[in-house]
Structures are given as structure tokens and as C-alpha cells.
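Notes follow once the structure below has been shown.
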Amino acid sequence: MTRSTRRTRRPLRTPRSRRKLRTVAAGAIALLALSACSSSGSGSDASAAGSSPGELSGTVTVFAAASLQESFTTLGKRFEKSHPGTKVTFSFGGSDSLAASITSGAPADVFASASPKTMKIVTDAGDASGAPATFVRNQLEIATPPGNPDRISALKDLTRSGLKVVLCDKEVPCGAAAQKALEAGGLELTPVSYEQDVKAALTKVELKEADAAVVYKTDVRAAGDKVEGVDFPESAEAVNDYPIALLKNAQNAAAGKAFIALVQSTEGQKVLTAAGFRKP
Amino acid sequence: MTSPGRRDSTAVELKDGGPRRRSPRTGAGRGVPLPLLLPALAGLAFLLLPLVALLVRAPWRSLPQQLTSPEVWEALRLSLVCATAATALSLVIGVPLAWLLARTDFPGRGLVRALVTLPLVLPPVVGGVALLLALGRNGIVGQWLDSWFGITLPFTTAGVILAETFVAMPFLVISVEGTLRAADPRYEEAATTLGASRFTAFRRVTLPLIMPGIAAGSVLAWARALGEFGATITFAGNFPGRTQTMPLAVYLALQNDPAAAIALSLVLLAVSIAVLAGLRDHWTRTS
């Protein structure tokens, strides 16, 4: 059997010129495919830029912190409904990496970040149009598995030995906030892991790999009954302001402005507070 | 580039029926056709350009001070230890698996082979989640490990090694299996007719025969394990000195301090090149 496999090198009977042609054709097809991809990518921007002023149309691209995923998705649908012909596309992620991609030229109309520090990266680079506005605030909460099996009632309980606690990495806003809260309580905590973002920390509790995590209240709310939240007073010392801003290189500034207005409106605030955010 | 001399000579020895030898280098000296040369050069440039960019934009001036921090060395040490351990584990269980796939016939072998290569195409993060569901504290096997032996794997260095093995072992299995298929089974058959057991034949005949394939597979697996990120951060988490390997350190540094991330990347790049070059000279020359 192995002998037959060795003879796979078949004599090549195709004439040389024909082979050459085939290679060229394959290359041309690959190039075509590539160019098709790139043109479809920029197509939405082109249609947005070509919209007539006054009436909203085209695509609004919103870069938003991961913790805004649920509420902004809801608001995006409402926006599309009240402005037929528009489409809201989101890119949710860690505020730091979103800010970095904006300053390196990612095409976005609106940036909503989870901390003033990450917004400052964008404003310092001169990429924001106008001053950012704080639209919500978020507070930390302890997430435990359903039923709170370890009976955690305060931040101090997390320092108990044998308890597996995960925190966000100090580089990420939720990790910085957790550190601030711990300092405010005069506590020292050695977690089993510094997770790369708030959702990763929460997932470890949902899967019951960790006994507790310090995350945002909104994340506990969004996880439903998969985790249980425990409030702690030190979280008041580490409230995160969420700023939102229109970007300078916005392709669809009019619709971007309208989206920011929706976020700040009573209707928008209702959606956000229902998700667990606090009014600014 | 590869030495065809050795391969040809074995082919001659093996093919008793008078092989029609065709030199693989026919026409090599007569110029390279343009439709091959241009894409080849484009491919080379595409692979090398990002590495060149890394070198060009490296913060050379602050590099010494970036690299003398203990965290960097801790992450590097952990990376090297875990990648080596993962390769060793892959050898212990991967080589027998490759032998089973290449030398025995059982129903569903094709399917098993496809499943073995699955981690190659699976996004590593998915692999990490799957590992959590299998070996996590609440996983289908992990819960018994926890309640019977008190072993929990997530958030431990052992967890890092397992995650890396999961992702890297298929490279070794594929490589060894390919070598086994190319090696003539009649050597083993000869050994068994001379009275050796099948295991002895494997140990004394097959193993030396496929050593180049094992070496090449080990290098591939080691390199893959060294760069492993997704499965590691998902399954083993991120804690300096315990589960924070170099790729994790690079990723988290990138959030806040790109200069530090570039410095870390350079270290990883240098280590990879040094080890691959070193191993190539010692082990893989004949493969």
C-alpha cells in the first residue's frame, strides 16, 4: 500500500504552454477575488458618503466597549427602525484595542469607551470631533455562581484562602477599577488569573472554574441567571465613566450624531439603565 | 535545499524491480519560469515584511531596560519550559498514535485520522473552551479528577502544558505518520520473520528509520507550542510566573504599552530563530 503511494508523481503530459496559461489564469482569478473583497469592504462607506444632507441614510459604524454590547445592539435596532435606510454596524471589544485601532486609522463614526483614559488616547491623537460626553457610569459587582455557594457577602471575603478569584488584567479598565476598589478597602488579593477582558472573567465563573470574579454590574445583569451578583460598598470608589464621541474621520457624521443623540435621549438612557448602567 | 541524495539512495535500495530513476532536479538550472517566480517572490515578501517591520519599529534605545524586567524572563522561562514539556508529552503519546494510524488497519481509521488533525483547523480559543468543558473543575472528566484526586488543571502550569499539547501534537502526528507511510514496511516484516516481536521491530527498526520525521515533527510541535495563545489563555488563564507565557504577555502589553510588546516579540522571535536554526543543524539535516 505504501508502495503505491510513493508513485503518485505522475508523468506530466500537459504541454508547457498550456500549463503556463493555467497558472496565469489561476493568478488572475486570485487577484480578481482579492479586488472584489476589497471593493465590497469599502462599498458601504461610499454609499454613506454619497448620502444627501438632511436625511439620514447609509451605514453608521460604532466602536463600543464590550460591556455595551447588549444595550447598544438594542439601541442600534431602534435607530434603524426610526431611520429607515440606515444601518448600524458595531465593533465591540476592549476599549484599549478599539482606541488603538481608531488612532491607526480604522474607519469608524462613533466611539463609546469604558473609561476616560481610553477615550483620551483618541482625543489626544486628534481623532475625535468635539469634546466627548459622559453618557453612563458603570459600577463593579462580585459575580458568583448561582446560589452563591461560598457565601460571599463582601469584597473582603474574596481574600479568603482556597477561594479561586479571577480579576481583569490591570491594563483593562475593569481590572484597573477592581484594583482601585481593593485599594479603597485596604485589601490585598491574589487571583488565580488576570483575564484579558471582563467577559472572559465572567465566563470563568459561568463555567464554575472560578468561585468569584470582580466584573461590572451590567455584565452580571446580562449573564442572567448563570451568575449571581454581590454588591460591595468599595465599588463606589471605582465608578467608571463611559464617554462617547463623534470621530473626526467619520464617513457618516450626520447619522453618527443622530446615534449619539439617541444614546443620550430619555429613550436611550432607559435602555442603558435597564442593562444596569447608572445615569451620569 | 533538502538533500535528495539520501532519499534517492534509499529508494534505489528499496525498489528491487529496477526503478526508473528520475532526477528531481531536472531543468533546475535552466531559469525559473516567470509565472512561478513572481508569485514566489510575492509570497516571500509577504512572509518577511511583518518581521522586518517589527525590527524597523523596535524601540532599540529603550530595549535594554525593557528586557531586564524580571517579568520578561519569567514569561520566557515559562514559555520554554511549557513548550518543551508539551513536546515531550506529544512524543510519548503522539508517536504511538501516528504508528497506529500508519501501520494498522481498523474500521473508521480515516475518520480517526481526520479527527486527530482537527485541532489544526480549530480556532485555539475553541480548543481552550473545549478543554475547559472536558478537564475543567466542572468538566466531564475534570470533575472526577477534582473530587477523587483533588487535581484541578485550569489556572495551573500543567494546564498550560495540556493546552499547548492539544494544539501542537497534531503537527507531530501528521509529520511522523507521513514518514511512516513513506518508510518501507518490509524492513519491519523482515525483522518479525527473524523472530522479533512487533514492538521490538518498532523499537529497533522503525524508530531509527523514522527519526528524521520525528525530529521535524518535534520542531514543528515545539514551535507551535511556544507561540500558543488562544487555548492557553482560555484554559489556563493568565497569571505571571504560573500561566503567563510570552504570547500572553505580548498581548496584554499591547493593550497599554506597544513598545514593551514589540520588545517582548523580539525576544520571542530571537528565541524561535535560534532554536529552529540550532535544531535544523543537529536534527533535521536529513529530513
Side-chain angles (χ1 to χ4, degrees), chain A residues 1-9 11-12 16-17 19-28 30-31 93-100 103-104 117-118 121 145 164-173 175-176 190-197 200-201 203-211, chain B residues 7 11 14-15 17 19-20 22 24 33-36 38-39 42 102-103 105 125 128-129 132-133 135-139 142-143 146 152-156 159 178 180-186 229-230 233-240 242-244 248-249 251-258 260:
Chain A
M1 181 180 41
T2 43
R3 289 186 72 193
S4 63
T5 56
R6 208 185 296 128
R7 296 206 186 185
T8 45
R9 222 185 280 158
L12 296 156
R16 223 163 185 230
S17 57
R19 265 189 289 144
K20 211 179 227 173
L21 195 70
R22 203 180 286 169
T23 323
V24 172
L31 271 177
S95 300
D96 287 88
S97 41
L98 289 177
T103 53
S104 43
K117 195 181 126 211
T118 42
I121 299 173
K164 292 195 170 176
V165 181
V166 293
L167 296 179
C168 295
D169 195 78
K170 287 161 199 143
E171 316 277 355
V172 197
T190 311
V192 289
S193 176
Y194 292 105
E195 295 292 314
Q196 78 269 36
D197 61 45
T203 306
K204 294 281 152 57
V205 177
E206 280 181 23
L207 292 172
K208 301 201 175 86
E209 292 304 334
D211 301 312
Chain B
R7 204 194 302 148
L14 296 178
K15 288 196 178 178
R20 276 152 293 168
R22 215 182 300 122
L34 218 57
L36 283 182
L38 289 182
R103 282 288 190 268
D105 217 348
V125 177
V129 174
L132 272 180
L133 298 179
L135 299 173
R137 195 172 60 165
N138 211 36
Q143 57 182 322
D146 188 25
T152 51
L153 293 167
F155 311 123
T156 63
L180 270 170
R181 282 180 179 279
D184 199 306
R186 276 176 297 165
F229 172 78
I233 200 165
T234 314
F235 182 60
N238 166 55
F239 192 87
R242 193 163 61 215
T243 65
Q244 189 182 71
L248 273 58
Y251 176 76
L252 288 163
L254 199 58
Q255 308 265 319
N256 234 16
D257 189 358

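The figures that follow rest on heavy atoms only: side chains count, while hydrogens, waters and symmetry mates do not. Residue numbers start from 1 in every chain, and the chains themselves are labelled A, B, ... in the order their sequence lines are given, proteins ahead of strands. Remember, it's a predicted structure, so these values are computed and weren't measured experimentally.
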Q. Measuring heavy-atom distances to chain A, does B:Leu248 have an atom under 4.5 Å in its side chain, in its backbone, in both, or in neither?
A. neither
Q | Contacting moiety of B:Thr156, where chain A heavy atoms sit under 4.5 Å | A |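 No part of it gets close to chain A.
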Q | Separation between CZ of B:Phe155 and CG of B:Asn238, rounded to the nearest 0.5 Å | A |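 These two atoms lie 10.5 Å from each other.
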**Q.** Spacing of B:Thr152 atom OG1 and A:Glu209 atom CD [to the nearest 0.5 Å]
**A.**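 Taking OG1 in B:Thr152 and CD in A:Glu209, the distance rounds to 8.5 Å.
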Q. Heavy atoms, side chains only, cut-off 4.5 Å: are B:Phe235 and B:Leu153 in contact?
A. yes
Q. Which bit of A:Lys117 comes within less than 4.5 Å of chain B, counting heavy atoms only: side chain, backbone, both or neither?
A.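 Answer is side chain: those atoms of A:Lys117 sit under 4.5 Å from chain B.
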(Q) I'd like to verify something: which residue of B:Gly136, B:Gly142, B:Ala253, B:Gly139 has the highest number of heavy-atom pairs under 4.5 Å with chain A? (A) B:Gly136
Q) Are any of the side-chain nitrogens in B:Arg137 or A:Asp211 under 4.0 Å away from the carboxylate oxygens of its partner? A) yes
Q) Most heavy-atom pairs under 4.5 angstrom with chain B, which of A:Thr203, A:Val192, A:Leu207? A) A:Val192
(Q) Minimum heavy-atom separation for A:Ala201 and A:Cys168, please, with both atom names. (A) CB-SG, 4.4 Å
